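All remarks here apply to the structure that follows.
Predicted model, so just to flag it, every value in this text is computed and none were measured. Order of appearance sets the numbers: ligands from 1, and atoms from 1 within every ligand.
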Amino acid sequence: MGLWTLLLLFLHLATDCVSLSAPANVSITSYNMVHILRFWPDPQTPPDARFTVQIHSTRKQRWKTVAECAELTAGQTCNLTSKLKDTFGYHMARVQAFRTNQTSSWTTSNLFHPLADTVLGPPEFSLSGCGNCLVLQIRDAPGTLSYHNAELKDLQKEMELNVRRTRDGAEFTLKQTYQQETVIQYLQPGVEYCVSVSFKSLINRNSVPSERRCAFTSPPPPQHTLFLVLGLLGGFTLVVVIVVGRFIFSRKVKNQHLSCMKFKSQPYTCLTSSLTEEDSF
Ligand SMILES: *[C@@H]1O[C@H](CO)[C@@H](O)[C@H](O)[C@H]1NC(C)=O
Ligand SMILES: *[C@@H]1O[C@H](CO)[C@@H](O)[C@H](O)[C@H]1NC(C)=O
C-alpha cells in the first residue's frame, strides 16, 4: 500500500515536472555593449508560469543562475550587461519555465561574444563649412556612461566617414582614428556635401552608420548675385547690339553719302544730312 502510493506520487511528479513547454527563441542582443536577453514563452505556457535565466561562460564551464532574472514573467527581458564581465570570452544563456511542481526543459541561446557581437551605434555630430572644407564635430560618442565604457571606447577607436556630393552623388570614404574634431579637406567651395559616420573595429563588424548630415562648404552663390550677373550680361549684349547696329547704320549712311557725291555732285547737302542722322542716334 505505502509502496504504491509512493510510486503513484513519483509518477505524478515525473509527468508534472516536464509538462511545461520550453520557451522559444532565447537570444542575447547587444547594442553599444548593453546586453539584453530575450525569450518567447511557448503559447501553451500558463500565465502564472515564471522563467529563470542561467548564464555560462566557456571559461568557467558551469551554469550560474542570474539572481535578478530568477523569476521573470512572460515578456520581461533580462539585462546581462554587468553579468558578462569577461568581454573576450564566449557566453551562453538558457531559460526555463517553472510553476509550483513543474518545470520545462531549458532552451539555450547561441554563443555570444560581447565585443564581436555587440552592435556599434553611430556618434552624434554636427557639420559646418570652412571654405573648401567641412568641419565635423562629434557631440557625443555613445555609451559614455555605460558599464563597459572602456571596452566600448576600444571599439570606437576608428571612424569611417562617407562623404557624398549632393549635386551628383559622387562619394568617397575616409578612415581615421577617433577624434572630437575632423576637417574634411580638398572639397569644392560653395557646394553641398552630406556626411555619414560609423565606427569601425577589426573584431566587430556590426557597426551602424549615422544618418547623413548635409552642409555647404561655403555659402552658395546667392540668387540675387546670379540675377545681377545675368542682368550685366544682358546689358552688355544690348550695348554690343547698339554699337554694331550703329556701325552698320553709319556705313550705310556713308555709302549713301558716297552715292550722293557720285550722282548728285552736291556733297555738302549729303554730308550734313548724314551728320544729322548720326547726331540723332
Ligand atoms: C522564433 O524565431 C523564428 C525566426 O526568427 C520565428 O519564425 C518564430 O516565429 C519565433 N518563435 C516564436 C515563438 O516567437
Ligand atoms: C542594463 O544595465 C546597465 C548597467 O548594468 C545599464 O547601464 C543599462 O542602462 C541597462 N539597460 C537596460 C535596458 O535596462
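The closest heavy-atom contact to atom 11 (N) of ligand 2, among the options Asn149, Asn79, Thr81, Leu80, comes from Asn79.
Relative orientation of the His56 and Trp63 rings is tilted, given thresholds of 30° and 60° on the angle between their planes. Taking the six-membered ring where the residue is Trp, His35 and Phe112 present perpendicular rings, their angle passing 60° and hence far from 30°.
For the pair Tyr147 and ligand 2, the shortest N or O to N or O distance does not fall below 3.5 Å.
Side-chain N or O atoms of Asp42 include none that pairs as donor or acceptor with a backbone N or O of Pro23 at under 3.5 Å. Remark: the backbone N or O of Asn132 is not paired with any side-chain donor or acceptor of Thr217 at under 3.5 angstrom.
For atom 13 (C) of ligand 2, the closest non-hydrogen atom on the protein side is Ile36 CD1, 3.9 Å.
Of all atoms in ligand 2, numbered sequentially from 1 with element shown, those under 4.0 Å from a heavy atom of Val34 are 11 (N).
Per-atom contact check: atom 2 (O) of ligand 2 touches the protein, criterion being a heavy-atom distance below 4.0 Å.
Within 6.0 Å of the CG atom in Leu232, the count of heavy atoms belonging to other residues, nucleotides or ligands exceeds 12.
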